[in-house]
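Heads up, the thing below is written out as C-alpha coordinates.
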Amino acid sequence: MTVIESHILAAIRRIPRAKVSTYGAVARAAGYPGNARRVAAALHGSTGLPWHRVLGAGGEIKLRGDFAFEQKFRLQSEGVTFRGRRVNMRQHEFKFPAAKRRAR
DNA sequence: AGGGTGACGATCA
DNA sequence: ATGATCGCCACCC
(Lines give C-alpha, C1' and ligand atoms only; values in the text may rest on other atoms or scores of the structure.)
Protein backbone atom coordinates (compact mmCIF):
# COMPACT_ATOMS: atom_id res chain seq x y z
CA MET A 1 0.00 0.00 0.00
CA THR A 2 1.71 3.18 -1.22
CA VAL A 3 0.92 6.63 0.22
CA ILE A 4 -0.51 7.88 -3.05
CA GLU A 5 -2.78 4.88 -3.03
CA SER A 6 -4.02 5.51 0.51
CA HIS A 7 -4.85 9.11 -0.37
CA ILE A 8 -6.74 8.01 -3.44
CA LEU A 9 -8.72 5.39 -1.55
CA ALA A 10 -9.56 7.95 1.13
CA ALA A 11 -11.01 10.28 -1.51
CA ILE A 12 -13.12 7.52 -2.99
CA ARG A 13 -14.54 6.68 0.41
CA ARG A 14 -15.86 10.26 0.65
CA ILE A 15 -18.22 9.88 -2.30
CA PRO A 16 -21.71 9.68 -0.76
CA ARG A 17 -24.42 7.25 -1.69
CA ALA A 18 -26.30 8.07 -4.91
CA LYS A 19 -23.45 10.35 -5.98
CA VAL A 20 -20.64 9.63 -8.44
CA SER A 21 -17.27 11.02 -9.44
CA THR A 22 -14.65 10.40 -12.12
CA TYR A 23 -11.13 8.96 -12.15
CA GLY A 24 -9.70 12.35 -12.98
CA ALA A 25 -11.72 14.20 -10.32
CA VAL A 26 -10.74 11.69 -7.65
CA ALA A 27 -7.09 12.07 -8.61
CA ARG A 28 -7.35 15.86 -8.25
CA ALA A 29 -9.26 15.56 -4.96
CA ALA A 30 -6.57 13.26 -3.60
CA GLY A 31 -3.94 15.84 -4.54
CA TYR A 32 -2.53 14.10 -7.60
CA PRO A 33 -3.87 15.80 -10.73
CA GLY A 34 -3.00 13.91 -13.87
CA ASN A 35 -3.04 10.54 -12.18
CA ALA A 36 -6.43 9.26 -13.26
CA ARG A 37 -4.82 5.96 -14.22
CA ARG A 38 -3.56 5.50 -10.65
CA VAL A 39 -7.14 5.82 -9.44
CA ALA A 40 -8.25 3.04 -11.75
CA ALA A 41 -5.32 0.86 -10.72
CA ALA A 42 -5.95 1.41 -7.00
CA LEU A 43 -9.60 0.58 -7.48
CA HIS A 44 -8.83 -2.57 -9.39
CA GLY A 45 -6.82 -4.03 -6.55
CA SER A 46 -8.95 -3.04 -3.56
CA THR A 47 -12.10 -4.22 -1.85
CA GLY A 48 -14.69 -2.70 0.45
CA LEU A 49 -14.85 0.56 -1.48
CA PRO A 50 -17.73 2.23 -3.34
CA TRP A 51 -15.90 1.47 -6.58
CA HIS A 52 -19.09 1.65 -8.60
CA ARG A 53 -19.33 5.40 -7.89
CA VAL A 54 -16.22 6.15 -9.95
CA LEU A 55 -16.77 6.72 -13.67
CA GLY A 56 -14.82 7.89 -16.67
CA ALA A 57 -14.84 11.51 -17.88
CA GLY A 58 -18.33 12.68 -18.78
CA GLY A 59 -19.94 10.12 -16.48
CA GLU A 60 -19.25 7.21 -18.79
CA ILE A 61 -18.88 3.63 -17.58
CA LYS A 62 -15.41 2.53 -18.65
CA LEU A 63 -15.74 -1.11 -17.67
CA ARG A 64 -16.93 -3.72 -20.13
CA GLY A 65 -18.91 -6.90 -19.96
CA ASP A 66 -20.20 -8.26 -16.67
CA PHE A 67 -18.42 -5.61 -14.63
CA ALA A 68 -20.12 -2.83 -16.57
CA PHE A 69 -23.48 -4.43 -15.92
CA GLU A 70 -22.67 -4.82 -12.23
CA GLN A 71 -21.65 -1.18 -11.90
CA LYS A 72 -24.75 0.12 -13.63
CA PHE A 73 -26.95 -2.11 -11.52
CA ARG A 74 -25.36 -0.92 -8.27
CA LEU A 75 -25.73 2.72 -9.22
CA GLN A 76 -29.32 2.34 -10.32
CA SER A 77 -29.99 0.61 -7.00
CA GLU A 78 -28.88 3.83 -5.29
CA GLY A 79 -31.15 5.92 -7.48
CA VAL A 80 -28.63 7.10 -10.06
CA THR A 81 -30.23 7.48 -13.48
CA PHE A 82 -28.62 6.70 -16.82
CA ARG A 83 -28.76 7.87 -20.41
CA GLY A 84 -27.31 4.82 -22.11
CA ARG A 85 -23.76 4.24 -20.85
CA ARG A 86 -23.60 7.58 -19.04
CA VAL A 87 -25.07 9.07 -15.90
CA ASN A 88 -26.47 12.59 -15.73
CA MET A 89 -23.51 14.32 -14.10
CA ARG A 90 -25.34 17.63 -13.67
CA GLN A 91 -27.53 15.79 -11.26
CA HIS A 92 -25.30 13.16 -9.65
CA GLU A 93 -21.71 14.34 -9.69
CA PHE A 94 -20.20 14.75 -6.22
CA LYS A 95 -18.14 17.93 -5.93
CA PHE A 96 -15.05 17.40 -3.83
CA PRO A 97 -13.78 20.38 -1.86
CA ALA A 98 -10.71 21.89 -3.56
CA ALA A 99 -7.52 20.04 -2.68
CA LYS A 100 -3.87 21.03 -2.93
CA ARG A 101 -1.38 19.09 -4.98
CA ARG A 102 0.73 16.67 -3.03
CA ALA A 103 4.41 16.01 -3.42
CA ARG A 104 5.40 13.01 -5.47
C1' DA B 1 18.06 2.20 -16.98
C1' DG B 2 14.49 1.34 -20.40
C1' DG B 3 10.35 -0.39 -22.35
C1' DG B 4 5.55 -2.12 -21.76
C1' DT B 5 1.13 -1.34 -19.47
C1' DG B 6 -3.53 0.56 -18.33
C1' DA B 7 -11.34 0.37 -14.92
C1' DC B 8 -7.66 7.60 -18.03
C1' DG B 9 -8.44 12.08 -20.72
C1' DA B 10 -8.60 15.46 -24.50
C1' DT B 11 -8.72 16.07 -29.33
C1' DC B 12 -9.50 15.05 -34.18
C1' DA B 13 -10.93 12.55 -38.41
C1' DA C 1 -20.99 7.98 -31.96
C1' DT C 2 -16.51 5.45 -32.78
C1' DG C 3 -11.78 4.62 -33.34
C1' DA C 4 -7.01 6.46 -33.55
C1' DT C 5 -3.43 9.20 -31.42
C1' DC C 6 -0.99 11.38 -28.15
C1' DG C 7 0.06 13.01 -23.46
C1' DC C 8 0.38 11.35 -18.93
C1' DC C 9 2.56 8.58 -14.80
C1' DA C 10 3.45 5.10 -11.24
C1' DC C 11 4.40 0.15 -11.52
C1' DC C 12 6.46 -3.96 -12.87
C1' DC C 13 9.53 -6.50 -14.96
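Throughout, a chain's letter reflects where its sequence line sits, starting with A, and its residues are numbered from 1.
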- Message: By the salt bridge (Lys or Arg N to Asp or Glu O under 4.0 Å) test, which pairs, at least two apart or in different chains, include something from residues 37-53 of chain A?
- Response: A:R53-A:E78
- Between atom CD1 of A:I8 and atom OG1 of A:T2, what is the distance when rounded to the nearest 0.5 Å? 7.0 Å
Short N/O separations, protein against nucleotides 2-5 of chain C, under 3.5 angstrom:
none

- So which one's nearest nucleotide on DNA chain B is more toward 5', A:H52 or A:G58? A:H52
- For A:R102 and C:dA10, what is the distance between atoms CZ and P respectively, to the nearest whole Å? 15 Å
- A:L75 and A:H52: which non-hydrogen atoms are nearest, and at how many Å? CD1-O, 3.3 Å
- Remember a base hit wins even if backbone is also touched, and classify A:I4 as base, sugar-phosphate or nothing at under 4.0 Å, heavy atoms. sugar-phosphate
- Decide whether a cation-pi geometry holds between A:K72 and A:F82; the criteria are a distance under 6.0 Å from NZ or CZ to the six-membered ring centre and an angle within 45° of the ring axis. yes
- Go through DNA chain B in 5' to 3' direction and return only the first and the last nucleotide with some atom under 4.0 Å of chain A's heavy atoms. B:dG6 to B:dA10
- Message: I'd like to know if the side chain of A:E93 and the backbone of A:T22 have a donor-acceptor N/O pair within less than 3.5 Å.
- Response: no
- Message: So, taking the atom named CZ in A:F96 and the one named CZ in A:R14, what distance separates them when rounded to the nearest 0.5 Å?
- Response: 6.5 Å
- Note on the structure: Between A:F67 and A:R28, the residue closer to the 5' end of DNA chain B by nearest nucleotide is A:F67
- Query: Is A:A41 touching bases, backbone alone, or none of the nucleic acid, heavy atoms closer than 4.0 Å?
  - Reply: nothing
- Item | Over 12 non-hydrogen atoms of neighbours within 6.0 angstrom of CZ in A:R102 | yes
- Query: Rounded to whole angstroms, how far apart are CZ on A:R38 and P on C:dC9?
  - Reply: 11 Å
- Query: Would you call the rings of A:F73 and A:F69 parallel, tilted or perpendicular if under 30° counts as parallel and over 60° as perpendicular?
  - Reply: parallel
